[in-house]
Q: 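There's a structure below that I have some questions on.
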Amino acid sequence: MSTIGILYPGHSAEDDYPWVEGVLREAGYAVRLPVAHTSVGEDAHRVDALLDLGGAARLAEGADRLTRSTPCDALVWACTSGSFVFGWEGAHEQVAGLAARTGLPTTSTSLAFVRAAHRLGLTRVAVAASYPHDVASAFVTFLGRAGIEVTALGSHDILTAAEVGTLGREQVLALAGGVDRTGAQAVLVPDTALHTLPWLEDLEADLGTVVLTANQVSLHDGLALLGEVPAVPGLGRLFAAAHHPGTTEGAHR
């Protein structure tokens, strides 16, 4: 059984991970997804607070605690805004630092979004973000650095991850569906604080397009670190077909 350690900031939608563990098990894929909660100074979708949230000391402490308690095969920093806010180079340095500390292959949610888009051949996307506009715009810049054009941006000015974590199915569908999808090949829904995994099929059916969400791409890229990603029913278009190592255009520097 493989183990992918999940570094998750605070408490919001971390229950997506034990839920999807069961889905993977039913699909015949045995994987453990232990969650270690990293410390949070101030729960705020504000650039200064996010730079602190994703700081090296907080991530190192969480990674040390996780790997001491549970032997892991790979590591995911499951936070979108706490990775892209560092910029393209900074996000790569962030995961490189974790990999050097733990000796484990490591990814982050921001890099996972880029790799998921590349795996599906997506070059034009709409972004439906829970964040305030300035934070959401930093994600647009990040995607642009990877050659992904954002055709429309929806931002919802939700200031805390705690509040995002309270949104239910209908609110998530409304948030994702509120962005203009004209000319877009998919809708990206960042923020690992948002519950989405149980509703991926509903999201794609309701919006009529591919939907990539933060916890979904984090899981997919974590699995990809270990080799082939299986096809898993119920987890959206990204999981509709198996992904084989060596077939991906990665998040190039």
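Computed from a predicted structure; not experimentally measured. Just so it is clear, the values below take in all heavy atoms, side chains as well, and ignore hydrogens, waters and symmetry mates.
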Q: May I ask you to decide if G82's main-chain N or O and W77's side chain share a donor-acceptor pair within less than 3.5 Å?
A: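 A pair under 3.5 Å: yes.
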Q: Could you tell me which non-hydrogen atom of L226 sits nearest to which non-hydrogen atom of S2, and how far apart they are?
A: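 Heavy atoms of L226 and S2 come nearest at CD1-CB, 3.6 Å.
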Q: Using the rule that Ile, Leu, Val, Met, Phe, Trp and Tyr join whenever any side-chain heavy atoms are under 4.5 Å apart, tell me whether L122 and L219 fall into a single cluster.
A: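 The answer is yes; both residues are in one hydrophobic cluster.
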Q: Is there side-chain contact between V135 and R46, with at least one heavy-atom pair below 4.5 Å?
A: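 Side chain of V135 against side chain of R46, heavy atoms only: no contact under 4.5 Å found.
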Q: Do D16 and T196 have side chains that get closer than 4.5 Å, going by heavy atoms?
A: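 Yes, close enough: below the 4.5 Å cut-off.
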Q: A side-chain contact here means heavy atoms from C-beta on lying under 4.5 Å apart; do V150 and F139 qualify?
A: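 No - every pair of side-chain heavy atoms lies 4.5 Å or more apart.
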Q: Do any N or O atoms from the side chain of S12 and from the backbone of G165 form a donor-acceptor pair under 3.5 angstrom?
A: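 Judged by distance alone, no pair lies under 3.5 Å.
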Q: With a 4.5 Å cut-off on side-chain heavy atoms, are L235 and V20 touching?
A: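 They are in contact (side-chain heavy atoms under 4.5 Å apart), so the answer is yes.
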Q: In Å, rounded to the nearest 0.5 Å, how long is the span from CG of L75 to OG1 of T107?
A: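 Going from the CG atom of L75 to the OG1 atom of T107 covers 9.5 Å.
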Q: Determine the minimum heavy-atom distance between D64 and R101, stating which atoms define it.
A: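 Of all heavy-atom pairs spanning D64 and R101, the closest is OD2-NH2, 2.7 Å.
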Q: Are L98 and L225 in one and the same hydrophobic cluster, where Ile, Leu, Val, Met, Phe, Trp and Tyr link if side-chain heavy atoms are under 4.5 Å apart?
A: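 Different clusters.
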Q: Measure across E204 and V211 and return the closest heavy-atom pair with its distance rounded to 0.1 Å.
A: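 Residues E204 and V211, closest heavy atoms: OE2-N, 3.0 Å.
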Q: Are Y131 and H156 close enough that their ring centres sit under 6.0 Å apart?
A: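 That pair fails the under 6.0 Å test.
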Q: Taking D43 for the side chain and A162 for the main chain, is one N or O donor matched with an acceptor at less than 3.5 Å?
A: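 Side chain of D43 to backbone of A162: a pair is present.
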Q: Donor-acceptor pair, distance only, cut-off 3.5 Å: does the side chain of R65 make one with the backbone of H37?
A: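 Side chain of R65 to backbone of H37, a donor-acceptor pair under 3.5 Å: yes, one is there.
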Q: Has Q216 got a side-chain atom pairing as donor or acceptor with G236's backbone, closer than 3.5 angstrom?
A: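 Here the side-chain-to-backbone pair does not exist.
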Q: Linking I/L/V/M/F/W/Y whenever their side-chain heavy atoms sit closer than 4.5 Å, directly or via other members, would L24 and Y8 fall into one cluster?
A: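 Yes, because L24 and Y8 connect within a single hydrophobic cluster, where side-chain heavy atoms sit under 4.5 Å apart.
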Q: Determine whether a donor-acceptor pair (N or O, by modelled atom type, separation under 3.5 Å) exists between the side chain of E21 and the backbone of W19.
A: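 No; judged by distance alone, with no hydrogens or angles, the pair does not exist.
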Q: Taking all atoms of both residues into account, what is the closest heavy-atom pair of C72 and L66, and its distance?
A: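 For C72 versus L66, the nearest heavy atoms are SG-CG, 4.1 Å.
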Q: Please report the C-alpha distance between I4 and R32 in whole Å, then the side-chain angles of each, then the deciding distance to 0.1 Å, and finally whether the side-chain contact (heavy atoms from CB on, under 4.5 Å) criterion is met.
A: CA-CA 6 Å; I4 302 169; R32 292 187 300 167; over 6 Å; no
Q: Taking all heavy atoms of A129 and all of A136, pick out the closest pair and write down the distance.
A: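 Smallest interatomic distance, heavy atoms only, reads CB-CB, 3.9 Å.
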Q: Step by step, would you call T109 with T80 a side chain to side chain donor-acceptor pair (under 3.5 Å)?
A: CA-CA 5 Å; T109 306; T80 324; 4.5 Å; no
Q: I'd like to check D52 versus R58 (side-chain heavy atoms, cut-off strictly below 4.5 Å). Are they in contact?
A: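 Yes - at least one pair of side-chain heavy atoms lies under 4.5 Å apart.
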Q: Examine distances only and state if a side-chain atom of Q171 and a backbone atom of G168 form a donor-acceptor pair shorter than 3.5 Å.
A: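 A pair under 3.5 Å: yes.
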Q: Give me the one residue out of V114, T141, L143 that meets side chain to side chain contact (heavy atoms under 4.5 Å, CB included) with W88.
A: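 Only one option passes, and that is V114.
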Q: If the threshold is 4.0 Å, N to carboxylate O, is there a salt bridge linking D206 and R169?
A: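 So D206 does not pair with R169 through a salt bridge.
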Q: Go through the side-chain N and O atoms of R119 and H220 and say whether any donor and acceptor fall under 3.5 Å apart.
A: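 Indeed, the side chains of R119 and H220 share at least one donor-acceptor pair under 3.5 Å.
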Q: Return the minimal non-hydrogen interatomic distance between V127 and V179, and the atom names on each side.
A: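 Smallest interatomic distance, heavy atoms only, reads O-CG2, 3.5 Å.
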Q: Quick one: does any side-chain atom of D73 pair with a main-chain N or O of T3 as donor and acceptor, under 3.5 Å?
A: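 Yes.
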Q: Using atom types as modelled and distance alone, determine if a side-chain donor or acceptor of T106 lies under 3.5 Å from a backbone N or O of L104.
A: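 Looks like yes, one N/O pair under 3.5 Å.
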Q: Membership question, hydrophobic clusters at under 4.5 Å side-chain separation (ILVMFWY): are I6 and V232 in the same one?
A: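 Yes, V232 connects to I6 through the hydrophobic network.
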Q: So do H195 and V164 actually touch side chain to side chain, heavy atoms under 4.5 Å?
A: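 Of all side-chain heavy-atom pairs linking H195 with V164, none is under 4.5 Å.
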Q: Can you find a pair of side-chain heavy atoms, one from F86 and one from E93, that are under 4.5 Å apart?
A: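 No, their side chains stay 4.5 Å or more apart.
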Q: Heavy atoms, side chains only, cut-off 4.5 Å: are V125 and E149 in contact?
A: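 Not touching, per the 4.5 Å side-chain cut-off.
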